[in-house]
Amino acid sequence: MSLLKLSHVSAFYGASQALFDVHLDLAEGEVLALMGRNGMGKSTTVKVICRMLKNRGGSVMFDGLDLGSVPAHKAARAGIGLVPEGRRCFAPLTVQENLIAAARKGHWDMARVSELFPRLGERQDQVASSLSGGEQQMLAIGRALMTNPRLLILDEATEGLAPVIRQEIWAAIRQLKVEAGLSILVIDKSLKELGGVADKGVIIEKGVTVWTGAFSDLTRDVTDRHLGV
Amino acid sequence: MRRETILNLAIPGILLATALIAYAMDEPYIITLATKAAILALAGVGLNIALGLGGLVSLGHAAFFGVGGYAMGILAFHAQNYMPIWGVIEGTKSMPIIWLVALIASALTALVIGAMSLRTTGVYFIMITLAFGQMLFYFAISWPTYGGEDGMSIYLRNGFPGVNTLVPLNFFLICFVILAVVMVLTDRLGKSAFGLALQATRQNAARAEAVGLAPYRLRLVAFTISGAVTGLAGALFADLNRFVSPSMLSWHMSGEIMILIILGGIARLSGPVAGAMLFIALEYVLEDLSHYWHVYLGAILLGVVLFARGGVIGLIAGREVAHD
């Protein structure tokens with residue numbers, strides 16, 4: 001059964017249409033890679049799922065709930081955890097305070113997040129703005145986990161990070177999939193890394209879903225046509 | 001111990017010491033000034049919950065200050081005239097009951113005003129809170145039963161069980177203890193999950209929503225608590241002066257509370273206390289020098305805004321984060 005299902009979704013920024021016909025289907029426990037070139041509508045799709053942008057057409061169903069008229073905070077409470085593009089922690093709060101501010105009861109707590117990212121445990125009294133880029137990214141993931149989501153959305157989670165830190169983040173994502181069985185929607189440019197975690201893939205081009213299938217079925221021809229520069 | 005933590009203990013300590021030294025030197029006027037500083041600081045601590053934690057720039061907090069003042073005035077007025085309110089409810093001269101009524105009345109007023117105002121943001125929020133404050137100000141002016149424009153006097157200060165409240169030091173200590181308790185509670189509030197969520201909302205509402213926080217609800221709760229605390233300060237202020245008038249509801253009063261927070265330091269726990277002490281001291285010193293002392297105060301305020309944006313506390317403790 002689908003945990004998240006987008007059918008024929010269209011969305012606008014004011015008068016400009018950004019999404020025309022997006023559809024995707026993610027089952028419980030699956031990892032779906034949302035791919036596409038820059039400006040094709042990946043982050044807009046994420047905004048629609050998280051209700052930061054309302055879809056004008058089509059439907060967004062999450063665990064059987066139509067998110068059509070649901071505000072952003074209720075979508076998050078329904079179980080959608082977002083790690084936004086560009087990290088975006090609550091800069092003046094400490095690591096611990098960032099995590100407490102978002103916390104809801106469930107499997108994920110301070111101890112488990114610190115276990116996943118030991119650096120956060122070491123820096124829990126440090127103000128978020130004073131963390132390195134990689135640590136801020138870990139904090140953003142930790143904060144999303146503290147909401148105890150059923151679906152974790154990672155929007156360009158490793159962009160702009162040093163290779164060593166990227167490996168650390170990808171290892172954590174794999175751990176979330178294998179050990180926690182979390183459903184994940186991940187956006188990233190690295191097909192190699194996506195291949196290590198994704199079960200399925202969806203490619204968006206100019207606001208339209210142009211390819212969907214098992215990640216292992218992603219051929220060179222498809223990537224050249226839709227993802228190549 | 002961090003420098004700001006030390007200041008959070010030292011600044012109220014200086015206020016207490018001032019009153020005790022004035023008592024030892026038989027200077028009741030100084031005790032009254034210290035009491036006024038404690039009460040204005042309490043109003044500032046109230047506004048700081050909305051402004052410092054929630055980022056809500058309210059220019060209508062005099063409404064809650066005045067509602068608290070009028071709650072005290074109306075209850076005491078009916079008690080001293082042996083005339084029940086609407087022929088049914090007895091008035092009272094008991095401070096604890098008056099405080100409770102002032103808290104409830106100002107909280108309800110803040111809830112109603114906040115429920116409407118918080119649908120707006122930025123300059124619209126400032127203007128709508130100002131408008132609500134002025135509405136209540138003009139309502140009080142045109143309410144002849146309770147003195148209209150002239151206000152009303154309460155002959156005797158209200159009573160507190162086991163304490164002679166007419167002794168200036170006793171009344172100061174009552175106000176000081178309330179201020180200290182509210183400061184401790186505000187500190188706890190700021191560090192609670194609610195307070196952190198509120199600060200997250202202040203920093204970025206959209207980001208906060210993405211982690212499941214409801215900005216409108218959080219801000220409304222904060223605004224209501226803020227209004228209630230400011231209302232309690234209003235009740236004490238009316239008791240200090242034994243007089244209530246529409247001036248307590250005017251935008252000047254809102255401005256005064258905001259000025260003392262800016263002087264002391266926005267979002268700093270002891271900022272309103274430092275600001276209130278400085279404000280009263282400046283008023284006391286500068287008033288002797290010139291009728292136009294507000295000009296000097298304005299210049300000092302400009303200096304603080306331009307060169308010490310964390311206020312007095314920021315200047316001493318540095319521009320570190322407000323929570324410690």
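Everything numeric in this text was worked out from a predicted model, so none of it was measured. Protein chains get the first letters and strands the later ones, always in sequence-line order, with residue 1 at the start of each.
Environment of CE in Met127(B): sparse, with no more than 12 heavy atoms of neighbouring residues, nucleotides or ligands closer than 6.0 Å. Within a 6.0 Å radius of OH in Tyr124(B), no more than 12 heavy atoms belonging to other residues, nucleotides or ligands are found.
The minimum heavy-atom distance linking Asn204(B) with Phe90(A) is given by the pair O-CE2, 4.1 Å. Of all heavy-atom pairs spanning Gln199(B) and Leu93(A), the tightest one is OE1-CD2, 3.6 Å.
For the atom pair Thr94(A) OG1 and Leu196(B) CG, the distance stands at 7.5 Å (nearest 0.5 Å).
Options Ala78(A), Ala144(A), Ala76(A) differ in how many heavy-atom pairs under 4.5 Å they form with chain B, and the most are formed by Ala76(A).
When atom types are taken as modelled, the side chain of Arg207(B) and the backbone of Cys89(A) share a donor-acceptor pair closer than 3.5 angstrom.
At a threshold of 4.5 Å between non-hydrogen side-chain atoms, the residues Gln203(B) and Pro92(A) count as touching.
Contact annotation for residues 52-74 of chain A against chain B (heavy-atom separation below 4.5 Å, listed by residue number): Met52(A), Ala72(A), His73(A). At a heavy-atom separation below 4.5 angstrom, chain B is approached by Ile100(A), Ala101(A), Ala102(A), Arg104(A) within residues 98-109 of chain A.
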